[in-house]
**Q** 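Take this structure first; my questions come after.
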Amino acid sequence: MATTRTAHTVWEGNLLEGNGVVTFDSSGIGEQPVSWPSRAEQANGKTSPEELIAAAHSSCFSMALSHGLAGAGTPPTKLVTSADVTFQPGEGITGIHLTVEGTVPGLDDEAFAAAAEDAKKNCPVSQALAGTNITLSAKLA
């Protein structure tokens with residue numbers, strides 16, 4: 001069964017001086033302020049589309065890696081994943097770097113790296129962002 005998740009943004013003003021609020025409708029987890037300076041300069045307590053993509057990508061990748069490892073008979077105890085989304089004004093999103101450190105009993109570094117590469121390739125968010133250069137660093141804890 002397909003699912004749809006919803007968020008919405010209310011934006012006021014022009015790009016450089018305006019600001020907005022992103023509301024997470026499906027989860028009800030609240031609202032987050034967003035602005036051009038938070039995107040192109042310092043966050044200053046506000047989010048950006050790139051941070052939201054980073055959150056989506058790190059969580060999706062972690063789920064895909066956990067699923068793949070469990071399916072191979074080596075379920076992880078813990079995965080810590082970060083996603084760094086690089087935004088260049090005038091160019092857009094120029095790359096995403098995933099970093100994962102895992103605690104996976106019975107698995108060696110090579111097998112963990114291979115499982116992480118597979119998760120990077122096959123997680124739905126990676127597939128949705130296929131036009132972006134996605135790199136990966138993976139190691140066992």
Side-chain angles (χ1 to χ4, degrees), residues 1-107 109-141:
M1 178 164 92
T3 59
T4 301
R5 299 294 183 253
T6 305
H8 77 274
T9 300
V10 175
W11 186 268
E12 296 177 346
N14 65 31
L15 174 62
L16 298 179
E17 297 164 358
N19 60 72
V21 176
V22 178
T23 302
F24 298 89
D25 298 315
S26 298
S27 64
I29 61 172
E31 301 177 340
Q32 292 297 316
V34 62
S35 69
W36 176 256
S38 70
R39 185 176 196 183
E41 299 167 15
Q42 294 297 316
N44 292 322
K46 297 180 181 179
T47 194
S48 68
E50 291 73 28
E51 184 178 35
L52 298 171
I53 289 170
H57 206 176
S58 67
S59 60
C60 182
F61 172 86
S62 294
M63 290 179 195
L65 181 54
S66 176
H67 181 67
L69 289 168
T74 53
T77 303
K78 184 177 184 179
L79 299 171
V80 178
T81 305
S82 64
D84 298 312
V85 178
T86 301
F87 173 74
Q88 178 64 46
E91 291 182 46
I93 294 173
T94 58
I96 300 171
H97 184 74
L98 297 169
T99 303
V100 61
E101 182 174 282
T103 304
V104 188
L107 199 65
D109 289 328
E110 187 176 317
F112 182 69
E117 280 293 335
D118 186 64
K120 179 188 87 164
K121 176 182 169 189
N122 293 306
C123 96
V125 172
S126 287
Q127 291 176 347
L129 301 170
T132 303
N133 182 38
I134 302 170
T135 56
L136 172 68
S137 298
K139 70 177 185 174
L140 290 171

**Q** Has the side chain of Ser58 got a donor or acceptor atom that lies under 3.5 Å from a matching backbone atom of Ala54?
**A** yes

**Q** Would you say His67 has more than 12 foreign heavy atoms packed within less than 6.0 Å of its NE2?
**A** no

**Q** Just by distance, do the side chain of Ser26 and the backbone of Thr6 share a donor-acceptor pair under 3.5 Å?
**A** yes

**Q** Could you measure the distance from the CG atom of Leu52 to the CD atom of Glu50? Nearest 0.5 Å is fine.
**A** 8.5 Å

**Q** Looking only at heavy atoms, what is the nearest atom pair of Ala141 and Thr103, with distance?
**A** CB-OG1, 3.6 Å

**Q** CD of Gln88: more than 12 outside heavy atoms within 6.0 angstrom?
**A** yes

**Q** Going from CZ on Phe112 to CG on Leu69, what distance comes out if it is rounded to the nearest 0.5 angstrom?
**A** 6.5 Å

**Q** Trp36 side chain to Ser38 main-chain N or O, any donor-acceptor pair under 3.5 Å?
**A** no

**Q** Give, for atom OG of Ser66 and atom CZ of Phe61, the distance between the pair rounded to the nearest 0.5 Å.
**A** 11.0 Å

**Q** For the NZ atom of Lys121 and the CD1 atom of Ile134, what is their distance to the nearest 0.5 Å?
**A** 13.0 Å

**Q** Do Ile96 and His57 have side chains that get closer than 4.5 Å, going by heavy atoms?
**A** yes

**Q** Measure the CG-NZ distance between Leu65 and Lys120 for me, rounded to the nearest 0.5 Å.
**A** 13.0 Å

**Q** To the nearest 0.5 angstrom, please state how far the CD atom of Gln32 sits from the OG1 atom of Thr9.
**A** 11.0 Å

**Q** Would Cys123 and Met63 count as a side chain to side chain contact (heavy atoms under 4.5 Å, CB included) if you check the C-alpha gap in whole Å, the side-chain angles of each, and the deciding distance to 0.1 Å?
**A** CA-CA 8 Å; Cys123 96; Met63 290 179 195; over 6 Å; no

**Q** Checking side chain to side chain contact (heavy atoms under 4.5 Å, CB included) for the pair Lys139/Asp109: CA distance, chi angles, key distance, verdict?
**A** CA-CA 6 Å; Lys139 70 177 185 174; Asp109 289 328; 5.6 Å; no

**Q** Are any side-chain N or O atoms of Ser59 and backbone N or O atoms of Ala55, one a donor and one an acceptor, separated by less than 3.5 Å?
**A** yes

**Q** Is the count of non-hydrogen atoms from other residues, nucleotides or ligands lying under 6.0 Å from Glu12 atom CD greater than 12?
**A** no

**Q** Closest heavy-atom contact between Ser27 and Phe24?
**A** OG-CB, 3.6 Å

**Q** So does Glu110 have more than 12 non-hydrogen atoms from other groups sitting under 6.0 Å from CD?
**A** no

